[in-house]
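Okay, structure first, notes after.
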Amino acid sequence: MSSLKDIKSEIEKYAENSKLTESEIVKKLEKHYFNKKVNENLKLYRKGKKKVRDITKDLKISPRKFYAILKAKKIEHKKYNKG
């Protein structure tokens, strides 16, 4: 529990020194670590070691959002037709 207090105090100190609020700092940290996790999973996806189903489960996002990420990063993927 003391480590959580340390993190909170560091965020508060950073907020005082910067022009950001604590919530903005947390959102930026969340975005940073999400992107880091996405990039790790994309490396495994490119190598064929991890499937879309497993990646979306790990990242807690929908497959549609994952395919949008692939399209944004210009990574080729298979397109399936339901019809």
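- Shown here for Leu59 and Asn41, the closest heavy-atom pair between the two residues is CD2-ND2, 3.6 Å.
- Within the 4.5 Å cutoff, the side chain of Leu42 has heavy atoms near those of the Leu70 side chain.
- Sorted by first then second residue, the side-chain hydrogen bond (donor to acceptor under 3.5 Å, both in side chains) pairs that include residues 25-37, not counting sequence neighbours, number zero.
- Annotation: side chain to side chain donor-acceptor pair (under 3.5 Å) contacts of Asn39 (sequence neighbours excluded): Lys73.
- Sorted pairs that involve residues 14-23 and meet salt bridge (Lys or Arg N to Asp or Glu O under 4.0 Å), not counting sequence neighbours, are lacking altogether.
- Among pairs with a residue in residues 34-63, those fulfilling ring-ring contact (aromatic ring centres under 6.0 Å, His included) read Tyr45-Phe66, at least two apart in sequence or across chains.
- Taking hydrophobic clusters as Ile, Leu, Val, Met, Phe, Trp and Tyr residues chained together by side-chain heavy-atom distances below 4.5 Å, Leu44 does not share a cluster with Val52.
- Contacts of Ser23 classified as side chain to side chain donor-acceptor pair (under 3.5 Å), with partners at least two apart in sequence or in another chain: Thr21.
- The OG atom of Ser62 lies 11.0 Å from the OH atom of Tyr67; values are rounded to the nearest 0.5 Å.
- A continuous path of ILVMFWY side-chain contacts below 4.5 Å connects Ile75 to Ile55, so both sit in one hydrophobic cluster.
- Judged as a salt bridge (Lys or Arg N to Asp or Glu O under 4.0 Å), the pairs with a partner in residues 42-55 (not counting sequence neighbours) are, in order, Lys50-Asp58.
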